[in-house]
2 protein chains.
Amino acid sequence: MSDLLERLRGRGWRLTAQRRVVAEVLDGDHVHLTADEVHARAAARLPEISRATVYNTLGELVSLGEVIEVSTDRRAMRYDPNAHRPHQHLVCGKCGLVRDVRPVGDPLTDLPEGERFGFTLSGAEITYHGLCPSCASD
Amino acid sequence: MSDLLERLRGRGWRLTAQRRVVAEVLDGDHVHLTADEVHARAAARLPEISRATVYNTLGELVSLGEVIEVSTDRRAMRYDPNAHRPHQHLVCGKCGLVRDVRPVGDPLTDLPEGERFGFTLSGAEITYHGLCPSCASD
DNA sequence: TTCTTGACTTGGACTGAGTCCAATGTAGGA
DNA sequence: TCCTACATTGGACTCAGTCCAAGTCAAGAA
């Protein structure tokens, strides 16, 4: 994640303690935290960090293309740092576990011309639903 | 939509004026209204209908499988009465227009065994993003 | 037809997620 | 070291949705 901080500094980001802990909290694979979860983990390292700053920082990371927003349920938005490798999401309908997955092929090619209603397509987002191994065995 | 009302009555639904107008408002193709839009249109016919009743009725229609919830943006949930024909959604990123579309093939078959993490899959939801013809020409 | 009752509706308070803003603090260049 | 434009703060606010106690009414019973 420190290469991320380098990239951001190269883009004129002012490097504050708050931004650093938010970036650190988001490090890892299959990470899909809500803003409040990010805030709780960041506050464990930097107790005075505010919710507003977490929202600001997450929003900046999203608009810089370093983090992706995913809505896996009808509750809070989740933040996915795996932004540089195209992927989709697999969600457990019981416990909410989210995995990053890579289906074969390009989903856009599955939408025939006659079903495009004249739209200019820019992308497709797939959410696979199911039960994770431990929820399926209950 | 009156066949819907018949089906529901057959399932023991008490047929009230409020439920009738909500069902009528949801009639049609490519209908994807928010709860507040449903409430506004229902209130045009039945001014005293409450938001709570609209939410209750939409929730019942969803759990009876007569209406599908779709979240096309990060704002309000939308309600799609096209529940008996499997389909996906195509969303204009500028004006928010939503069309029902039918891609070829079954999206589940595009997720290889090695990408399923032991999950038991139950379905997949695809949102195609793009610009509608009138927004693309601006 | 009227009666009865349990299901339905209501409005208002409440929650959770997210935004906004004026005041305060500070990173990093001069 | 100083300056200042940018970042942070906390609290008020919005918006979507839920909850609940009190009142209403659809439809079966008589």
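In what follows, chains carry the letters A, B, and so on, assigned in the order in which the sequence lines appear, proteins first and then strands, with residues in each chain numbered from 1. Fair warning: this is a prediction, and the values are worked out from it, not measured in the lab.
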Problem set entry | First encountered from the 5' end of DNA chain C, between B/Arg51 and B/Leu46 | B/Leu46
Exercise. Considering heavy-atom distances to DNA chain C, does A/Ala17 or B/Arg19 have its closest nucleotide positioned more toward the 5' end?
Worked result: B/Arg19
Are [X] and [N] close enough that a side-chain N or O sits under 4.0 Å from OP1 or OP2?
X       : N      : answer
A/Arg75 : C/dG16 : no
B/Gln18 : D/dC25 : no
A/Tyr55 : C/dG18 : yes
A/Ser50 : D/dT8  : no

Starting at [atom1] of [X] and ending at [atom2] of [N], how long is that distance when rounded to a whole Å?
X       : N      : atom1 : atom2 : result
A/Arg9  : C/dG29 : CZ    : P     : 9 Å
A/Met77 : C/dG18 : CE    : P     : 7 Å
A/Leu5  : C/dA27 : CG    : C1'   : 15 Å
A/Leu8  : C/dA27 : CG    : P     : 17 Å
B/Arg11 : C/dA7  : CZ    : C1'   : 18 Å
A/Arg20 : C/dT26 : CZ    : P     : 14 Å
B/Glu37 : D/dC15 : CD    : C1'   : 14 Å
B/Glu60 : D/dT18 : CD    : P     : 12 Å

Exercise. Are the side chain of A/Arg116 and the backbone N or O of A/Leu121 linked by a donor-acceptor pair below 3.5 Å?
Worked result: no
Exercise. Is there a donor-acceptor pair under 3.5 Å between the side chain of B/His30 and the backbone N or O of B/Asp100?
Worked result: yes
Seminar exercise, completed: Of B/Arg14 and B/Ala52, the one whose nearest nucleotide on DNA chain D sits closer to the 5' end is B/Ala52
Seminar exercise, completed: Ranking A/Thr16 and B/Trp13 by the position along DNA chain D of their nearest nucleotide, the one closer to 5' is A/Thr16
Exercise. Considering the options A/Val31, A/Val91, A/Thr72, A/Ile68, which one meets the side chain to side chain contact (heavy atoms under 4.5 Å, CB included) requirement together with A/Arg78?
Worked result: A/Thr72
For this session: Measure the spacing between CH2 of A/Trp13 and CZ of A/Arg7 and express it to the nearest 0.5 Å.
Result: 11.5 Å
Problem set entry | More than 12 heavy atoms of other groups within 6.0 Å of B/Arg41 CZ | no
